[in-house]
**Student:** 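A single structure is presented below for examination.
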Amino acid sequence: MHSSHSRRAPVAGAALATAALAVGLLAPTVHAAPAAPTTPTPAATSAPDIPVANVKAHLAQLQQIAKANGGNRAHGRSGYKASLDYVKGKLDAAGFATSVQQFSSSGATGYNLIADWPGGDTSRTLMAGAHLDSVTEGPGINDNGSGSAGILETALAVSRAQLKPDKHLRFAWWGAEELGMVGSRHYVDSLATDDRSRISGYLNFDMIGSPNPGYFVYDDDPTLEKVFKDYFATLSIPTEIETEGDGRSDHAPFKNAGIPVGGLFSGADYTKTAAQAQKWGGSAGKEFDACYHASCDTSANIDDTALDHNSDAIAYALWQLATGTSSS
């Protein structure tokens with residue numbers, strides 16, 4: 001996540017998700033009249049469990065890339081391009097149509113990676129994105145290897161399922177986020193007005209494995225907020241509205257262009273309160289990620305449970321929004 005000089009105080013006591021998903025159907029009696037045909041809704045039941053071991057394997061690769069390239073994966077450095085090549089190779093092999101978009105920032109060439117899953121209504125394109133660059137101070141495994149790996153493994157799950165979504169699915173890995181959302185802003189600015197109108201929603205995942213995690217949901221769009229809250233309600237995990245990252249990650253350029261945005265976040269350098277520790281566990285009075293923007297943001301700087309839950313939530317949201325009848 002991009003640093004901000006103006007820190008906002010976190011909002012306590014945000015609304016919790018209270019509605020659980022309905023389960024089961026009434027058993028028909030022998031004399032019941034035939035039921036009226038209904039539209040199948042596979043989205044609610046068919047989202048796969050994302051293997052956290054697979055997500056962690058991607059993080060291990062990003063850690064190795066950083067180690068081999070001066071300790072980081074920052075914009076303009078060899079570690080960033082190696083990270084992009086790793087992700088692109090996985091997606092190409094899985095049947096995605098990938099493209100690399102170049103831009104310039106701070107005297108260096110930057111790269112966005114865009115991956116489209118064939119099929120679906122391109123006039124209703126659902127995007128999921130994460131920034132792939134780290135700061136120069138460290139390998140950036142939670143910030144933001146975690147989000148990058150989570151959407152990568154979800155994309156690979158789309159391929160394994162040979163998903164045929166109603167909406168068109170597009171994934172993106174952004175460059176130079178740490179310099180001020182440069183890559184994602186370049187992408188949005190390069191879209192024609194008609195192409196912007198085709199994006200029905202953009203979901204952002206920036207830091208989803210924080211070692212002292214919270215469960216924060218973007219509240220920018222009610223439909224996109226609800227799908228994540230519904231998922232965490234099935235796990236009996238309370239959520240809070242995400243405020244720490246407002247305007248500080250790659251959803252901002254999309255939101256500013258009038259595109260509905262949503263996403264998840266597990267916390268950065270704000271301090272976990274006693275109330276938050278009571279409902280989520282972890283350590284009160286400690287930062288959500290004490291290694292935020294530091295050299296210790298390594299593959300050891302990850303909470304596996306948060307990474308697992310958030311990766312599963314990504315898949316749930318994509319299946320629900322892309323194969324259901326949601327308006328977003």
Side-chain angles (χ1 to χ4, degrees), residues 21 23 25 37-62 83-101 112-130 132 146-174 195 198-205 208 223-224 227-228 230-231 234-235 262-264 307-328:
L21 295 177
V23 292
L25 296 170
T38 58
T39 303
T41 54
T45 56
S46 63
D49 180 85
I50 300 299
V52 71
N54 292 11
V55 183
K56 286 177 66 68
H58 300 313
L59 295 181
Q61 289 296 318
L62 295 176
S83 299
L84 184 141
D85 291 342
Y86 169 76
V87 175
K88 185 177 186 299
K90 293 288 186 183
L91 295 164
D92 287 341
F96 282 81
T98 62
S99 60
V100 177
Q101 182 184 48
N112 293 326
L113 174 63
I114 311 297
D116 286 88
W117 181 242
D121 181 358
T122 56
S123 71
R124 296 182 303 149
T125 295
L126 178 65
M127 290 190 69
L132 188 56
S146 61
S148 291
I151 67 168
L152 172 57
E153 191 56 33
T154 301
L156 298 180
V158 166
S159 174
R160 287 192 293 268
Q162 286 298 294
L163 188 65
K164 299 189 185 312
D166 298 328
K167 296 190 176 92
H168 182 69
L169 277 179
R170 178 175 298 151
F171 296 83
W173 288 261
W174 308 116
D195 290 330
R198 291 171 173 269
I199 302 174
S200 64
Y202 170 74
L203 305 177
N204 194 60
F205 303 98
I208 61 169
T223 301
L224 302 181
V227 73
F228 289 116
D230 285 350
Y231 176 75
T234 69
L235 302 179
L264 299 174
L307 186 70
D308 191 14
H309 288 329
N310 283 313
S311 296
D312 289 341
I314 295 171
Y316 175 86
L318 286 179
W319 257 253
Q320 191 82 359
L321 293 165
T323 66
T325 57
S326 166
S327 60
S328 286

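Because only heavy atoms are used, hydrogens play no part in the values below, and waters and symmetry mates are left out as well, while side chains stay in. Along the sequence shown, residues are numbered consecutively beginning with 1.
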**Student:** Quick one: are F205 and S311 in side-chain contact, heavy atoms under 4.5 Å?
**Tutor:** no

**Student:** Using the test salt bridge (Lys or Arg N to Asp or Glu O under 4.0 Å), find all partners of D49 that sit at least two apart in sequence or belong to another chain.
**Tutor:** none

**Student:** Quick one: does any side-chain atom of H168 pair with a main-chain N or O of G119 as donor and acceptor, under 3.5 Å?
**Tutor:** yes

**Student:** Rounded to the nearest 0.5 Å, how far does CG of L224 lie from CG of N204?
**Tutor:** 12.0 Å

**Student:** Is there a donor-acceptor contact under 3.5 Å from the side chain of S146 to the main chain of I208?
**Tutor:** yes

**Student:** Can you list the residues that meet the side-chain contact (heavy atoms from CB on, under 4.5 Å) rule with A94, with sequence neighbours excluded?
**Tutor:** F96, L156, S159

**Student:** Residues two or more places apart in sequence or in another chain: which of them pass side-chain contact (heavy atoms from CB on, under 4.5 Å) with N54?
**Tutor:** P51, E153, R160

**Student:** Would you name the heavy atoms of Y86 and A57 that are closest together and state the gap between them?
**Tutor:** OH-O, 4.5 Å

**Student:** Could you give the distance from OG (S83) to NZ (K88), rounded to the nearest 0.5 Å?
**Tutor:** 15.0 Å

**Student:** To the nearest 0.5 Å, how far apart are CD1 in I50 and CG in L307?
**Tutor:** 11.0 Å

**Student:** Can you see which heavy atom on A128 is nearest to which on I151, and at what distance?
**Tutor:** O-CD1, 3.9 Å

**Student:** Test of understanding: with side-chain contact (heavy atoms from CB on, under 4.5 Å), list the residues that count as partners of A313, not counting sequence neighbours.
**Tutor:** F228, Y231, F232, L264

**Student:** Nearest 0.5 angstrom please: W174 CH2 to I114 CD1, how far?
**Tutor:** 4.0 Å

**Student:** Just to verify, what does W173 make a ring-ring contact (aromatic ring centres under 6.0 Å, His included) with, not counting sequence neighbours?
**Tutor:** none

**Student:** Going through the distances and angles, do I314 and N310 end up as a side-chain contact (heavy atoms from CB on, under 4.5 Å)?
**Tutor:** CA-CA 6 Å; I314 295 171; N310 283 313; 5.6 Å; no

**Student:** Before giving the answer on side-chain contact (heavy atoms from CB on, under 4.5 Å), spell out for L91 and L152 the whole-Å C-alpha distance, their side-chain angles and the decisive distance to 0.1 Å.
**Tutor:** CA-CA 8 Å; L91 295 164; L152 172 57; 3.8 Å; yes

**Student:** Mind checking whether D230 and T234 have side chains closer than 4.5 Å, heavy atoms only?
**Tutor:** no

**Student:** First locate atom OG1 of T98, then atom NZ of K90, and finally report the distance between them rounded to the nearest 0.5 Å.
**Tutor:** 14.5 Å

**Student:** May I ask you to test the T154-L318 pair for a side-chain heavy-atom distance under 4.5 Å?
**Tutor:** yes

**Student:** Could you tell me which non-hydrogen atom of T323 sits nearest to which non-hydrogen atom of P165, and how far apart they are?
**Tutor:** CG2-CA, 3.9 Å

**Student:** Which value, rounded to the nearest 0.5 Å, describes the distance between R124 atom CZ and I199 atom CD1?
**Tutor:** 14.5 Å

**Student:** So, for S46 and W319, which heavy atoms are closest and what is the spacing to 0.1 Å?
**Tutor:** OG-CD1, 3.4 Å

**Student:** Flag the pair Q162 / W117 as yes when at least one side-chain heavy-atom distance between them is below 4.5 Å, and no otherwise.
**Tutor:** yes

**Student:** Side chain to side chain donor-acceptor pair (under 3.5 Å) with R170: which of T125, T122, D116?
**Tutor:** D116

**Student:** Compare every heavy atom of A315 with every heavy atom of P48, then report the nearest pair and how far apart it is.
**Tutor:** O-CB, 3.9 Å

**Student:** Can you find a heavy atom in the side chain of L163 that is under 4.5 Å from one in the side chain of L169?
**Tutor:** yes

**Student:** Can you name the residues that form a side-chain contact (heavy atoms from CB on, under 4.5 Å) with D195, not counting sequence neighbours?
**Tutor:** L191, A192, R198

**Student:** Within the structure provided, determine whether L132 and L113 are in side-chain contact (heavy-atom separation under 4.5 Å).
**Tutor:** no

